Amino acid sequence: MNYGIINMNNFRSSALEEFSRHTAQRFSVENRAASEYFAVNVFNYEKMSKYLSKETFESLQSAIKEGEKIDRTLANDVAQGMKNWAMDMGATHYTHLFQPLTDSTAEKHEAFISIDKNGIPFEEFKGDALVQQEPDASSFPSGGMRSTFEARGYSAWDPSSPAFILDQTLCIPTVFVSYTGEALDMKVPHLKSLAALDKAATKIAKLFDEDVCRVGVNLGIEQEYFIVDQSLSRARPDLQICNRTLIGHTAAKDQQLEDHYFGAIPSRVTAFMKDFETEAYKLGILLKTRHNEVAPNQFECAPLFCEANLAVDHNQLLMILMKKVARRHSLKVIFHEKPFMGVNGSGKHCNWSIVTNKGKNLLSPGKTPGTNLQFLSFFVSVLKAVYEHHYLLMASTASLNNYYRLGGNEAPPAVMSIFIGSTLDKVLNDIEQIGSSDFADSSDTKLDIVGKIPEIRPDNTDRNRTSPFAFTGNRFEFRAVGSSVNVASSMFILNSIVAQQLNIFGDRVNKYIAEGIEKNSAILKVIREFIIESKDIRFEGNGYSQEWLDEAARRGLKGINNIPESYTAYLDPKSVSMFEELGVMSLRELKARREVLDETFTKKLQIEARVLSDLSVNHIIPTAIKYQNILIENVKGLKEILNTDDYNELTEYNIHNIKKISSYINGIRKGVHDLKEARKIANKIEDFTERSKVYADTVLPYMESIRVMADKLEMIIDDDLWPLPKYRELLFCR
Ligand code: ADP
Ligand code: MG
């Protein structure tokens, strides 16, 4: 069999040869300053002003700003300008780019070229084509939403995220909804949650500044990833198909010496980074940082934060670019949360803050009691939101991939807590100490505590890397989110739960004001209540320790032990009423989402189980038999030339190994058989939730036990015969 460039008869050694050839190549990158070509491929403000009439430009800008509906005439005019620009840039096609419930993006290209009734060809792109397309929804996960209604799905233009050109195609960011208007994607709930948060937060911000009329979310997404040589990865069916190693003994050295984090970036990887950064800059993605991560061959990049909807689109696009560019460098980029056992997994840290239309970061402590009161109002609302919905928020990060990561090497545990740093911890404790009767009068002395909050600079906060959710000076950093996902799947929940608490906050303040309590005192009174009510979510210690897990259980914080079980959080009455009240998701949409999550979990595990069976039966067992036969021949030969005493003594080790190999072969065979039987039983279960639970309980454990035996064989068998590139090769060939 031939796997692309590699002859599979001897694929590990040819992969290693291929690797040496690629490392000898040098890649050139553009030598121009990034600012010279930044966003050249984006239909941004500057291009719009050039390609649209003044009137169209102004109407579009105001529609984007106010979130107004775009009428047909305006859409036609915008489409015309967009097409002219795209054609000037050499584009031949356009596509709606949407984010189905798969964590990746989907696109269907249409050519601009058309023909008139006289047979004369011309290029066209009408407003209708810009505003809406009708991709067949039946091939995307919908969680049963299409079976009861029509299979049709619509993608509709999201004017708040600018169109851009990729591979000579004009890409239009869109939402994806069913015939009946229900969300079939990640973008719709995210946009709705941003609107709900805007509404709730603006009301609270107005308590402090009447002029605030909008509140938005800023998001900075740190992306962790692994890089492996492409030819080596192609010689591993598990990496090729599942993006993770299903077997593989750890290398003698990996991250124990802590010499990779922030180390010198290997030059082949730097060339790759420069190349994808260049592509990202052209698309207006402002990548700021790059560095080695903790595990060997693990890296991270982060853009400058921007508006949340755009940040998500950029991250999705960035993953596409990185995959494309990696191929040019004969590398494979791995976004999987846990591609290698025993070393760190990858996450996507979401840095989240809220900001007014006047540019004020509401999570930034200020210099005066007034601004600090405002800061605390938002700050404690986030604490309370995460406390009230800690299980749901953690469940939003739960997936088969992340199951292998969370709670493992240096990854946050699957139970929620918030780290806020000692300074703020003290402030909150002090406020808690104010007697509740102190709020009866209207004097301002209690505000003294608030006035004493020192200015907290982001770089001043203590860093607690063990917390899944940390305050880092002017933003929260949610670290449990997996590296391969569309972060909108967690962000729509975060935005929603905070919106809900801000609404509660506002209601309580208004109630106290109505009872005659002075405004600032009423606000501080509610802050104090929120501090008390959410206290159990705060944890400043080591999140990786067993003591914390015990303590969390005592506090009633529910951790995730079983992935399908955690998906019940979406349908908890508390979650459903919150999403419905905010208008973010209906019960039907939540049910559908949960079904998709369960199905994805089952299908991924099914695929992994199949690949593992293939690896076991067609790669590992035949290799083990080959080596065992060599040992048998050796023992037989020794018998011919040695006397009985020498024979007994000198063949002891090989005979022991022959037996050991037999026992592992039998163990793996049995494991593969049991794995198949477990799947057969599970596959018969109709109910998708029940099925995914059975998969988690019965299929997963067999996979783990097969791995242990295969990894033992890797340590016994002649290196020359071993068919798969090993960890030391995958992680140290650069
Ligand atoms: P670290 O790895 O030290 O946490 P990085 O520099 O890798 O930090 O990433 C931090 C991310 O947080 C960047 O994307 C940055 O732009 C973003 N960020 C900084 N300030 C804010 C803010 N106020 N709101 C949201 N994101 C922010
Ligand atoms: Mg970072």
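In each ligand, atom 1 is the first atom listed, and ligand 1 is the first ligand listed. Along the sequence shown, the residues carry numbers beginning at 1. No hydrogens, no waters, no symmetry mates; every other heavy atom, side chains included, goes into these values. This is a predicted model, so every value here is computed, not measured.
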Test your reading of the structure: does [X] have an N or O sitting under 3.5 Å from an N or O of ligand 1?
X: N218; value: no
X: W352; value: no
X: R475; value: yes
X: L219; value: no
X: L304; value: no

Region of [X] engaging ligand 1 - heavy atom pairs below 4.0 Å:
X: N361; answer: side chain
X: R465; answer: side chain
X: E477; answer: side chain

Legend entry - Mutual orientation of the aromatic rings belonging to F299 and Y225 [parallel < 30°, tilted 30-60°, perpendicular > 60°]: tilted
Legend entry - Cation over ring face, R244 and Y404, 6.0 Å, 45°: yes
Legend entry - Residue pair M491, W352: steps toward the side chain to side chain contact (heavy atoms under 4.5 Å, CB included) verdict: CA-CA 9 Å; M491 292 300 103; W352 181 96; 3.9 Å; yes
Legend entry - Whether H291 lies under 4.0 Å from ligand 1, heavy atom: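 Outside the 4.0 Å threshold, so no.
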Legend entry - E300 to ligand 1, any heavy atom closer than 4.0 Å: yes
Legend entry - Verdict with reasoning, R593 to M585, per side chain to side chain contact (heavy atoms under 4.5 Å, CB included): CA-CA 10 Å; R593 205 142 291 238; M585 277 228 162; 3.1 Å; yes
Inset, instruction - Could you walk me through whether Y45 and Q61 pass the side chain to side chain contact (heavy atoms under 4.5 Å, CB included) test, one step at a time? - result: CA-CA 9 Å; Y45 191 86; Q61 286 305 322; 3.6 Å; yes
Legend entry - Pair F530 + F379: ring centers closer than 6.0 Å: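 Not close enough - the centres of the two rings lie 6.0 Å or further apart.
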Legend entry - Flag, side chain of T466 to backbone of G543, donor-acceptor distance under 3.5 Å: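 Side chain of T466 to backbone of G543, a donor-acceptor pair under 3.5 Å: yes, one is there.
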